[in-house]
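Chain A is the first sequence line, chain B the second, and so forth, proteins listed ahead of strands; every chain is numbered from 1. Given the structure is predicted, the values throughout are model-derived calculations rather than measurements. Note: hydrogens, waters and symmetry copies are ignored here, and every other heavy atom, side chains too, is used.
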Amino acid sequence: MERSKLVVVAGFPLALDRRYHAETHMWVLLTGPGRVRIGMDPLGIETSGTLAQLSLVPAGTELIAGRPFGQLEAAKFVGPLISPVSGAVLAVNDEVAADAGLAERDPYGAGWLIDASLGAAAGELPGLLADPAEISAWFAAKIADYRFRGVIAQ
Amino acid sequence: MAESLRVIDFGCSPPLRSQTLWHAIGYGVSAGAPATLSFTRPAAPYVCLGYHSGTDEVDHDYCRANELPVLRRMVGGGPVYLDADQLLFQICVPARAVPAARRQALRMLLEPAVTSFRELAVTAALDDDLEICVGDRKVCGHGAGQIEQAVVVCGNLIERFDHERATRVLALADPAQRDQTLALMRRFVAATPVAPEAFQAAMISAYAAALGLSAAAGELTGTERTAVADLDERFTSGTWLAGADRPAPPDGVGPHVRQVKVRAGVWTLSATCDGAQVAASVVRGVVDQVRLRASGLNGSSHQAERALTGVPLQSVAQVLAGFGEPGRRLAAAFAAAEPGRL
């Protein structure tokens with residue numbers, strides 16, 4: 001897959017060729033008709049702490065927006081990876097499941113999590129940020145907020 | 001009037017229930033039950049795997065021979081040995097009540113435990129790795145997780161600690177690594193011999209104050225009782241014990257590595273690469289003890305061990321480069337360590 005161009009916002013890389021779920025920091029990249037790739041953006045990763053382990057549901061599993069498709073462990077805290085879309089898992093990234101650090105090192109590329117087909121009701125992927133200007137503004141505001149609250153370093 | 005912090009003291013519980021009772025509270029709080037502080041003490045010793053622990057991290061033959069059940073929890077961390085000398089506590093709150101950033105949530109839910117130790121004149125502190133320590137010794141294990149819409153952090157008051165058994169239950173094929181692990185356990189994990197009743201009372205006050213809630217004794221809801229029965233079944237199933245699917249490492253490629261974390265920044269490593277074998281303990285990024293085996297060292301293994309002791313991990317390859325081709329293989333074995341993932 002072609003590597004996406006990144007911009008840097010307040011020290012964090014941001015890919016503008018995809019959509020974002022504002023609360024979960026999941027990105028969704030359209031890869032074909034009714035098909036998407038899903039991963040976690042660097043802010044979601046940074047605020048989790050050093051990723052220790054990551055587990056993903058197997059291919060074929062139904063995805064429901066707002067429900068977990070895997071678990072992520074960082075700082076001995078196991079929390080859900082929340083799906084931003086409904087559909088079905090087509091493939092999981094075994095490399096990131098074997099080495100969670102890949103999601104830190106290359107969050108927009110080799111650190112992707114799952115490929116999925118979209119459910120019939122997915123339509124225009126409601127609830128996701130799609131406009132690059134809107135995405136940039138959201139990302140910058142999140143960084144400022146996390147820094148203000150001491151969640152991430154200045 | 002402040003909302004309530006439900007307090008449940010389960011007393012002594014069989015190993016399985018010492019896990020399933022508080023996991024059931026997670027489902028209860030997720031469904032609307034109040035924030036809950038619970039306590040239990042295992043009636044018998046057992047081993048508990050973290051959510052992502054591999055079953056191969058535990059010596060199952062030893063556990064069977066010593067009638068130690070092996071269970072798996074939903075929260076993080078590695079395999080731990082639990083027994084009646086440990087008072088287990090759990091704080092469970094709605095996920096919306098804690099910051100979304102995990103480290104902040106953990107800090108918020110661990111600080112009252114630190115306050116409780118300090119109330120009993122134990123000079124505990126929450127360090128930068130979010131471990132509760134006295135000096136450089138961990139005095140309280142912890143794990144955390146999200147169960148549906150509830151966040152739970154569990155920990156333990158270690159009244160006495162069986163370092164030997166805590167090490168023995170681990171699957172460690174390399175005797176040198178076992179010795180090093182035990183030495184680090186003794187050095188970096190400490191018991192806190194305070195009165196457990198006083199600790200419980202301090203915990204109740206500290207968590208109620210921190211959460212702005214009014215503590216009140218309570219009991220499980222009907223939904224939670226049902227969840228206990230379901231969890232009893234799930235936690236004893238082979239599927240659950242096997243854990244999450246994990247991709248198998250490529251067979252026969254690269255170094256074989258076994259790492260054990262004793263506390264944050266303190267770990268042991270056993271690794272082999274092309275016939276070169278390393279067993280080492282690492283404290284705060286510095287090689288503490290090391291045992292090296294490699295064909296071609298020709299009697300200089302002790303010299304290499306001395307040269308490595310006290311060396312920062314990032315300088316290991318440079319030091320071993322002075323030992324020729326065997327040194328390069330040993331450096332490759334060392335390089336397989338991933339301290340950040342522990």
Side-chain angles (χ1 to χ4, degrees), chain A residues 21-26 40 43-61 66-82 89 91-105 142-143 145-153, chain B residues 26 30 50-54 72-78 80 95-96 98-110 128-131 138 141-155 242-250 254 259 261 263-265 338-342:
Chain A
H21 189 264
E23 289 177 24
T24 61
H25 285 289
M26 290 292 172
M40 185 180 256
L43 270 184
I45 291 166
E46 180 75 12
T47 55
S48 297
T50 303
L51 306 191
Q53 304 277 357
L54 194 151
S55 50
L56 301 165
V57 296
T61 303
R67 299 289 297 171
F69 65 91
Q71 300 285 336
L72 182 153
E73 180 170 348
K76 296 205 265 186
F77 192 131
V78 176
L81 294 163
I82 301 295
V89 178
V92 302
N93 185 352
D94 282 341
E95 288 183 29
V96 81
D99 173 14
L102 195 54
E104 289 174 346
R105 297 192 297 274
K142 277 288 183 187
I143 293 169
D145 178 53
Y146 289 146
R147 285 187 170 148
F148 176 73
R149 291 192 285 124
V151 178
I152 57 177
Chain B
S30 177
Y51 181 81
H52 283 112
S53 300
R72 182 185 293 281
R73 60 188 182 272
M74 289 184 179
V75 300
V80 290
R96 64 178 182 280
V98 297
R102 292 158 191 242
R103 284 182 60 83
Q104 278 202 322
L106 258 180
R107 182 172 290 281
M108 172 183 165
L109 294 176
L110 284 171
D128 290 342
D129 298 305
L130 298 180
E131 289 192 330
K138 182 166 82 170
H142 78 268
Q146 185 166 336
I147 298 176
E148 296 192 334
Q149 295 308 309
V151 167
V152 61
V153 174
C154 58
D245 279 340
R246 308 205 50 78
Q259 287 175 256
K261 177 181 170 184
R263 58 148 302 180
E338 292 184 288
R341 307 291 152 218
L342 286 169

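- The most heavy-atom pairs under 4.5 Å with chain B, out of A/Ile152, A/Thr47, A/Val78, come from A/Val78.
- In this structure, B/His142 has no ring-ring contact (aromatic ring centres under 6.0 Å, His included) partners at least two apart in sequence or on a different chain.
- Heavy-atom contacts from other residues, nucleotides or ligands closer than 6.0 Å to CZ of A/Arg147 number more than 12.
- Residue contact with chain A, scored on non-hydrogen atoms closer than 4.5 Å, involves the side chain of B/Val151 exclusively.
- Neither the backbone nor the side chain of A/Leu43 has a heavy atom closer than 4.5 Å to any heavy atom of chain B.
- Between B/His52 and A/Gln71, the closest side-chain pair of non-hydrogen atoms falls below 4.5 Å.
- Looking only at distances, a side-chain donor or acceptor of B/Gln104 sits under 3.5 Å from a matching main-chain atom of A/Arg149.
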Only distances under 3.5 Å count here; give the side-chain donor-acceptor pairs of residues 143-150 of chain B to other protein atoms, sequence neighbours excluded, each with its distance to 0.1 Å.
{"unit_1": "B/Gln146", "atom_1": "NE2", "unit_2": "B/Glu148", "atom_2": "O", "d": "3.0"}

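- Side chain of B/Arg102 to main chain of A/Phe77: a donor-acceptor pair is present (N/O by atom type, distance under 3.5 Å, no hydrogens or angles).
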